[in-house]
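Okay, structure first, notes after.
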Amino acid sequence: MTSWLRACGSVPLCLLLCCLAAPRAEASGAGDSVCWSPTVSSCTECLGRGPQCAWCFKEDFLDEAGPSLRCDLPVNLLRRGCEVEFMERSEIKVEVNATVSSTQVSPQDISITLRPGSKANIIVAVEQLERYPVDLYYLVDVSASMQENLDHLKTVGVALSLRMTEHSADLWLGFGSFVDKPVSPYINVHPSKINNPCSDYEIRCRPAHGFHHVLGMTGNMSEFTRTIKRQRISGNMDTPEGGLDAMLQAAVCQKAVGWRPEAKRLLLLMTDQPSHLALDSRLAGIVTPHDGLCHLENNVYTGSTKMDHPSLGQLSEKLLENHIYSIFAVEKQQYQWYEVISPTALKLKLTRLLSEVEVSVSVEDQAASRYWVSVSPLCPDGSTAKDQGCSGVKPSQKVFFNITIGMHSCPDHGEDEDVTVTVRPVGYNESTVIRIHSKCRCSCGPTKRCNDDSQSQCSGTPDSTNQGPRPDPGLIQDSNRDSTRNCRADGADVDCSGRGVCECGRCVCEQSRLGAVYGKHCEIDEFSCPYGGGLVCGGRGVCVSGRCVCQDGWTGDSCGCPVSTATCRSADGSLCSGRGRCVCGRCVCDDSRRYGDFCERCPACQSTCQSNWRCVDCHLSHGLTQKEGGHCNNTCAPLVGYTEDVPGTAGLANRIFQHLCSPYKHPENGAFSDLSSGLTIINDI
């Protein structure tokens with residue numbers, strides 16, 4: 001066995017296997033989760049809510065919170081401190097038995113594991129062989145009204161068989177006849193009529209019969225031709241014939257008819273009348289239902305007078321079970337009757353039938369209501385057929401069937417079960433067997449303890465049905481006081497913070513429509529934190545004791561601020577163009593006149609020299625000394641720093657200003673303006 005788990009996107013295509021991962025859901029608080037519900041109290045109930053759900057069986061999870069909080073999306077459980085190894089999840093497992101060889105259908109043996117609400121896809125390939133063997137059995141109504149058709153068959157039947165050899169190099173043919181049950185009121189039981197129903201017309205006829213197997217499967221066309229030419233008509237009383245009764249015998253009498261195991265099997269019914277159905281035999285006093293078995297002795301159907309006609313469902317089941325295509329060749333007057341019971345069988349041409357590939361899927365009856373199946377064929381020309389098959393398939397071409405199997409629910413007893421699904425190409429002797437193992441119970445790791453309501457946390461509680469000595473009432477009261485004490489926080493005068501009940505010495509927290517309440521004393525909830533975008537903690541964190549615990553990469557009261565400054569970087573890579581700070585993912589500009597995503601806009605700003613001219617002019621007029629220019633500090637103190645100059649630098653300040661402010665002149669006196677954002681006053685010594 002080769003095994004793959006659900007994350008099987010890497011499965012090679014040549015294995016013809018794929019599986020569908022469970023649908024993803026966005027992470028959210030417990031109140032918004034598709035998994036969480038205050039009514040969920042066990043692991044089984046949790047996983048039954050959908051394949052995306054998980055159950056945390058960690059013993060001290062959320063300080064022994066209520067069981068419903070253990071059920072959530074895996075991402076939510078992980079954030080609350082439940083590691084992956086403590087999660088029970090709905091794993092879809094698919095196994096292919098690569099050791100089973102096949103020539104037409106592959107793979108032939110598949111095992112899948114499903115939980116309620118989950119589904120899996122498998123691909124089954126069916127190949128049309130180059131020299132595909134075909135068995136064609138003619139089942140002909142030989143009642144008197146078929147005289148003309150029987151004569152026609154003696155020539156057309158041979159020509160049709162020769163035409164069939166153009167589509168199959170390995171064609172075998174067989175022949176059988178039928179009329180009706182040889183009892184009254186279906187036939188005339190007068191002694192003179194039993195052996196020769198046509199005695200009134202001075203014609204020698206065959207006795208009526210339910211089914212007579214005349215010629216077993218043979219590849220000798222000459223022998224088949226001689227058999228047809230020897231056929232004679234018979235006679236009966238009523239209009240309907242026993243065609244369906246004869247069809248069942250031709251299908252189930254495998255050995256007598258000679259159906260080959262490896263051949264595509266075709267059963268051609270020729271008649272000019274409708275057929276009797278189940279319960280019709282009551283007219284003859286026959287009330288025993290048909291058992292669906294073969295009853296041929298010396299090639300004659302001996303059960304015809306003992307059992308009722310088969311039902312359509314029974315006949316259909318036997319044809320499918322024995323891989324047989326049914327085809328009806330009927331006169332125009334009866335076309336509508338047979339179209340009702342088999343709408344497709346009348347419209348198929350034999351030559352088309354040989355080039356058609358379709359599958360039928362069956363689920364065990366006792367489990368059929370708990371599973372669903374869909375089939376989507378991919379034809380060799382690349383088209384996707386609406387029905388369950390493709391036509392016009394040439395030898396050596398393959399048809400791929402995408403088969404999806406889903407599970408609705410578990411059995412009423414709630415236990416795991418094994419179910420078999422069979423995918424069978426119609427008319428082929430090979431099939432694919434899919435063995436489904438449904439998981440309805442949780443394993444919950446090596447300890448097998450799920451920590452849910454199905455495994456009580458209480459121990460030592462007196463059993464009301466116990467007939468032994470009753471414990472001391474005083475001891476019970478002391479025990480109850482100890483249990484209550486465990487449910488109260490230090491200094492609290494109510495159990496479980498007033499938001500739960502004390503059971504077995506631990507708090508079982510109440511649930512709110514706003515979200516979950518948990519903690520050892522029900523002191524924590526998931527809805528008392530700031531909201532962002534309509535979600536608690538902006539959907540980027542969890543609420544713990546009224547504060548948001550944010551995911552990595554996020555910060556802020558409601559987890560709305562990214563830690564990264566990437567959104568504040570301008571095109572040149574600088575932070576807010578060098579003119580601001582990155583706060584909560586947005587630029588806050590140092591100058592209130594600036595704006596823009598990166599503080600790049602400032603229509604009201606002048607050049608630095610122009611905006612600082614008053615400061616420059618004040619210091620120039622007072623000799624650039626700290627003492628002389630002290631009163632200038634009221635104007636530009638934040639921009640001015642004082643330092644000492646080395647000897648011999650007299651007039652350096654003017655030269656510096658002339659150099660820095662050369663592009664700009666005072667509009668009134670022509671003095672130069674400073675280009676720097678701050679001024680350094682250099683004192684001559």
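Both backbone and side-chain heavy atoms feed into the values below; hydrogens, waters and symmetry mates do not.
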Using distance alone, with no hydrogens and no angle criterion, decide if [X] and [Y] have a side-chain donor and acceptor under 3.5 Å apart.
X: Asp272; Y: Gln333; result: no
X: Thr420; Y: Glu364; result: yes
X: Asp245; Y: Gln249; result: no
X: Glu430; Y: Gln108; result: yes
X: His209; Y: Ser177; result: yes

Main-chain N/O of [Y] paired with [X] side-chain donor or acceptor, under 3.5 Å:
X: His212; Y: Val214; value: no
X: Asp151; Y: Glu148; value: no
X: Gln254; Y: Ala251; value: yes
X: Ser326; Y: Leu267; value: no
X: Lys181; Y: Ser304; value: yes
X: Ser234; Y: Ser143; value: no
X: Glu88; Y: Cys444; value: yes
X: Gln231; Y: Thr227; value: yes

Does a side-chain heavy-atom distance below 4.5 Å link [X] with [Y]?
X: Gln551; Y: Arg79; value: yes
X: Trp172; Y: Val134; value: no
X: Thr113; Y: Ile92; value: no
X: Ser111; Y: Val94; value: no
X: Met270; Y: Asp141; value: no
X: Val124; Y: Phe400; value: no
X: Leu173; Y: Met217; value: no
X: Leu312; Y: Leu277; value: yes

Hey, mind stepping through Leu139 and Phe211 against side chain to side chain contact (heavy atoms under 4.5 Å, CB included) and telling me if it holds? CA-CA 9 Å; Leu139 184 57; Phe211 170 60; 3.5 Å; yes
Salt bridge flag under 4.0 Å for residues [X] and [Y]:
X: Glu95; Y: Arg435; answer: no
X: Arg226; Y: Glu223; answer: no
X: Glu358; Y: Arg424; answer: no
X: Asp412; Y: Arg370; answer: no
X: Arg441; Y: Asp416; answer: no

Is the Phe328 to Tyr338 ring centre distance short of 6.0 Å?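 Between Phe328 and Tyr338, the centre distance is under 6.0 Å.
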Tyr138 ring center within less than 6.0 Å of Phe224 ring center: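 Centroid distance Phe224-Tyr138: below 6.0 Å, so yes.
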Separation between [atom1] of [X] and [atom2] of [Y], rounded to the nearest 0.5 Å:
X: Leu268; Y: Leu136; atom1: CG; atom2: CG; answer: 6.0 Å
X: Leu150; Y: Ile233; atom1: CG; atom2: CD1; answer: 8.0 Å
X: Asn236; Y: Tyr186; atom1: CG; atom2: OH; answer: 11.0 Å
X: Ser443; Y: Phe57; atom1: OG; atom2: CZ; answer: 7.0 Å
X: Met221; Y: Thr225; atom1: CE; atom2: OG1; answer: 6.5 Å
X: Leu78; Y: Met87; atom1: CG; atom2: CE; answer: 5.0 Å

Does a sphere of radius 6.0 Å around CD in Glu85 hold more than 12 heavy atoms from other residues, nucleotides or ligands, not counting ones at 6.0 Å or beyond?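 Yes, the 6.0 Å shell around CD holds more than 12 heavy atoms from other groups.
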Asp381, CG atom: more than 12 neighbouring heavy atoms under 6.0 Å: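 Atom CG in Asp381 is crowded, with more than 12 foreign heavy atoms closer than 6.0 Å.
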Cationic tip of Arg89 within the cone over Trp55's six-membered ring, i.e. under 6.0 Å and within 45° of the normal?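 No.
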Would Glu241 and Phe178 count as a side chain to side chain contact (heavy atoms under 4.5 Å, CB included) if you check the C-alpha gap in whole Å, the side-chain angles of each, and the deciding distance to 0.1 Å? CA-CA 8 Å; Glu241 314 293 9; Phe178 70 92; 3.9 Å; yes
Classify the ring geometry of [X] against [Y]: parallel below 30°, tilted from 30° to 60°, perpendicular beyond 60°.
X: Tyr137; Y: Trp259; value: tilted
X: His276; Y: His309; value: parallel
X: His290; Y: His295; value: perpendicular

Where do [X] and [Y] come nearest, in terms of heavy atoms and distance?
X: Lys398; Y: Ala125; answer: CD-CB, 4.5 Å
X: Ser118; Y: Pro51; answer: CB-CB, 3.9 Å
X: Leu320; Y: Ser360; answer: CD1-OG, 3.1 Å
X: Ala256; Y: Leu296; answer: CB-CD1, 3.9 Å
X: Leu47; Y: Ala54; answer: CD2-CA, 4.0 Å
X: Pro310; Y: Leu244; answer: CG-O, 3.8 Å

Going through the distances and angles, do Asp135 and Arg265 end up as a salt bridge (charged side-chain N to carboxylate O under 4.0 Å, His left out)? CA-CA 5 Å; Asp135 287 351; Arg265 303 171 178 181; 5.3 Å; no
Among Cys71, Cys53, Cys46, which residue satisfies the disulfide bond (SG atoms under 2.5 Å apart) criterion with Cys35?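 Among Cys71, Cys53, Cys46, the one meeting disulfide bond (SG atoms under 2.5 Å apart) with Cys35 is Cys53.
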Is there less than 2.5 Å between the SG of Cys410 and that of Cys440?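 With an SG-SG separation under 2.5 Å, Cys410 and Cys440 do form a disulfide.
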Apply side chain to side chain contact (heavy atoms under 4.5 Å, CB included) to Leu269 and Ile327, showing your working. CA-CA 6 Å; Leu269 178 74; Ile327 309 165; over 6 Å; no
Evaluate the criterion side chain to side chain contact (heavy atoms under 4.5 Å, CB included) for residue pair Met407 and Lys119; output intermediate values, then yes/no. CA-CA 6 Å; Met407 182 177 178; Lys119 60 183 177 181; over 6 Å; no
Residue of the set Asn402, Val96, Ile110 for which side-chain contact (heavy atoms from CB on, under 4.5 Å) holds with Ile122: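 Passing option: Ile110.
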